[in-house]
Every structure is written in structure tokens, then in C-alpha cells.
Amino acid sequence: MRHPSGSTPSASPSLSPSPLPSTTTPPSNASSPSFSPVTPSTPKSSLYTAKVSFDTFENPAASMFSFTLSSASSGYVRTPATRVFLCAASPDESGEGALDWALESLVQDSDELVICRGVEEDILNERDHDDIREEARELMRRIQRKALESDPERRVNLHLEYVPGKITDTLDRLIALYRPDSVVVGTRGRKSTLTTKGAMGSVSRYVLIHSPVPIIVVRPERKVKKAVEKRRADPKRGTHFD
């Protein structure tokens with residue numbers, strides 16, 4: 001059983017309490033090789049080892065169409081303290097901000113991060129599937145670089161899920177598959193698939209209501225700064241704000 005570690009790093013997200021214990025067991029024959037240091041001449045993506053991936057784009061009998069990439073830091077070992085996080089990373093500012101925050105402030109050594117990127121079904125039908133696969137590989141390389149820049153000595157396990165279809169259904173299935181300790185989402189998603197109301201998109205609202213695990217909603221840093229400046233300029237607020 002995984003035992004969640006200390007408190008979640010402070011930031012601008014909101015939390016909905018609803019923990020779900022996990023029952024994953026670390027491999028008994030895992031070894032712990034030393035972590036290769038990052039040097040200017042070392043390609044950062046080479047510090048990750050590709051793992052078993054899945055591709056069901058061309059399989060009509062598959063229960064879920066997806067293109068899955070997995071990689072782990074050199075020397076990564078799952079431990080009883082390993083936590084799993086699922087991040088809904090849409091390609092807009094909100095989704096990118098949620099992914100950046102998860103990599104910079106949430107994921108710690110020996111943790112796993114599952115990144116979900118939804119793909120429009122009409123895009124899957126119109127675009128060359130090899131182009132979509134290469135797009136996914138480039139995103140994985142960018143995530144690896146970002147993880148190393150945030151903490152070069154942190155060893156993590158990464159999974160990227162490129163899944164076409166309704167994003168809320170996809171998140172439900174990935175939650176059931178990976179059983180994450182928390183789900184990270186942005187405040188808004190793709191305009192073509194999300195209807196927004198107030199400060200939160202329909203996907204964020206959906207997972208807050210239906211998710212069996214805690215949800216972390218991350219606002220883009222730009223919007224956080226704008227809100228802080230507005231509050232500071234409010235003459236009705238007391239000096240205690242500072």
C-alpha cells in the first residue's frame with residue numbers, strides 16, 4: 001500500500017478532500033542504480049529510459065483508443081511512499097499551467113505522473129496518425145526536459161496518454177486504471193469541447209463533483225497575479241492583506 005508523504009506544496013490550487021487508498025506493490029527485484037548527473041553535454045531526454053508503450057489508434061476492437069508513452073528517470077525505483085498523480089494537460093494556457101505546476105511543485109522523488117492529453121475525434125480522423133504520434137513524442141520530450149530542469153536529481157516515472165474522445169469519460173477511465181492519489185486540472189480547457197461558467201471550465205467542475213480522489217485546480221500564474229493586484233488596489237481592503 002502506498003503511504004502518501006507530507007503535505008502538498010502550497011500554491012494557488014484548491015483541494016477537494018476524498019482520498020482513495022491504493023494497493024500497488026513495489027517490485028521485489030528492483031535495484032537502485034546511481035542517478036546520472038546533468039551536464040551541458042548530456043542530452044536531457046537521454047536520462048530517461050523508455051518503457052512499454054501502447055498504441056490502439058488503428059485497432060477498432062480496442063476498449064479505448066489511445067497512444068501511450070512511458071518513460072522513467074535513470075535509477076527510478078518504486079517505493080512504498082510512491083504517489084501517483086494524474087494531470088489533465090490541455091494544450092492551452094490553463095492546461096500548460098497545470099502541468100508546469102505539477103512538475104515544479106507537486107511531484108517528488110519516486111513519484112509517478114500520468115499526463116492526459118485529449119485529442120478531438122475529428123482531428124484523429126483527419127490528421128495522419130503518425131503526425132499525432134510524433135506530436136505526442138515531442139510532448140513527452142518536453143515534459144522530460146521540464147522535469148529535469150525543475151529538479152535534476154529527482155527520479156520520476158512518466159506516462160503520457162493521448163486519448164481521443166470526450167475528456168470527462170477519458171479522465172474517469174484513467175482514474176480507474178491508474179488509481180491516482182490526486183488529479184491536477186486547470187481552470188479552463190479547449191473551447192471546442194468545454195463550456196465555461198464563471199472561473200472554471202466544465203471539465204474542472206465535472207471532476208470536482210465526480211472524482212473519487214482529491215482534485216487540485218490550478219489557475220494560470222498570470223491570472224493569479226492579476227487577481228492579487230486587483231485585491232491590493234481595492235481601497236476597502238485593510239492593510240492586513242500585505
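Quick note: numbers below take in every heavy atom, side chains included, and nothing from hydrogens, waters or symmetry partners. A quick note: this is a predicted structure, and the numbers were derived from the prediction, not measured. Note that the numbering runs from 1 along the sequence shown for the chain.
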My understanding is that only residues two or more places apart in sequence, or in another chain, count here; which of them pass side-chain contact (heavy atoms from CB on, under 4.5 Å) with [X]?
X      : result
Glu138 : Arg141, Arg145
Ala72  : Lys51, Tyr76, Asn157
Thr168 : Lys166, Val203, Tyr206

Q.
For Ile216 and Val183: C-alpha separation, side-chain torsions, deciding distance, then whether side-chain contact (heavy atoms from CB on, under 4.5 Å) applies.
A. CA-CA 6 Å; Ile216 304 174; Val183 176; over 6 Å; no
Donor-acceptor pair, side chain of [X] and main chain of [Y], under 3.5 angstrom:
X      : Y      : answer
Arg219 : Thr187 : no
Ser182 : Ile215 : no
Thr170 : Val163 : no

So, for [X] and [Y], which heavy atoms are closest and what is the spacing to 0.1 Å?
X      : Y      : answer
Met140 : Leu69  : CE-O, 3.4 Å
Cys116 : Ile167 : SG-CD1, 3.8 Å
Leu171 : Ala88  : CD2-CB, 4.1 Å
Ala98  : Gly186 : CB-N, 3.8 Å
Asp111 : Leu106 : OD2-O, 4.2 Å
Leu113 : Cys87  : CD1-CB, 4.2 Å

State the [atom1]-[atom2] distance between [X] and [Y], to the nearest 0.5 angstrom.
X      : Y      : atom1 : atom2 : result
Ile175 : Ser211 : CD1   : OG    : 4.0 Å
Glu126 : Glu120 : CD    : CD    : 10.0 Å
Ile115 : Thr68  : CD1   : OG1   : 11.5 Å
Glu134 : Asp128 : CD    : CG    : 11.5 Å
Glu161 : Arg173 : CD    : CZ    : 11.0 Å
Leu148 : Ile143 : CG    : CD1   : 12.0 Å

[X]: what forms a side chain to side chain donor-acceptor pair (under 3.5 Å) with it, not counting sequence neighbours?
X      : answer
Arg137 : none
Ser110 : none
Glu104 : Lys146

Q | Salt bridge present between Arg83 and Asp181 (N-O < 4.0 angstrom) | A | no
Q | Salt bridge flag under 4.0 Å for residues Arg155 and Asp109 | A | yes
Q) Passes side-chain contact (heavy atoms from CB on, under 4.5 Å), Leu99 versus Arg142? Steps please. A) CA-CA 11 Å; Leu99 177 57; Arg142 187 173 66 80; 4.2 Å; yes
Q: Report yes if the distance between the aromatic ring centroids of Tyr178 and His159 is under 6.0 Å, otherwise no.
A: yes
**Q.** Chi angles and distances behind the side-chain contact (heavy atoms from CB on, under 4.5 Å) call for Phe67, Ile132
**A.** CA-CA 9 Å; Phe67 181 59; Ile132 298 176; over 6 Å; no
Q. Which is it for Arg117 and Glu135 under the salt bridge (charged side-chain N to carboxylate O under 4.0 Å, His left out) test, yes or no, and what are the steps along the way?
A. CA-CA 11 Å; Arg117 173 64 61 88; Glu135 182 180 286; 5.2 Å; no
Q) Heavy-atom distance under 4.5 Å between the side chains of Leu160 and Leu139, does that happen here? A) yes
**Q.** pair Arg154-Val107: side-chain heavy atoms closer than 4.5 Å
**A.** yes
Q: Please report the C-alpha distance between Thr82 and Glu112 in whole Å, then the side-chain angles of each, then the deciding distance to 0.1 Å, and finally whether the side-chain hydrogen bond (donor to acceptor under 3.5 Å, both in side chains) criterion is met.
A: CA-CA 7 Å; Thr82 292; Glu112 292 189 20; over 6 Å; no
Q: Start with the C-alpha gap between Val156 and Tyr48, add the side-chain angles, then the distance that decides, and say whether side-chain contact (heavy atoms from CB on, under 4.5 Å) holds.
A: CA-CA 9 Å; Val156 295; Tyr48 281 82; 3.7 Å; yes
(Q) Can you pull out every ring-ring contact (aromatic ring centres under 6.0 Å, His included) where at least one residue sits in residues 131-150? Sequence neighbours excluded, please. (A) none
Q | Short side-chain donor-acceptor distance under 3.5 Å, Asp92 and Ser94 | A | no
Q | Results of salt bridge (Lys or Arg N to Asp or Glu O under 4.0 Å) for Asp100 - residues two or more places apart only | A | none
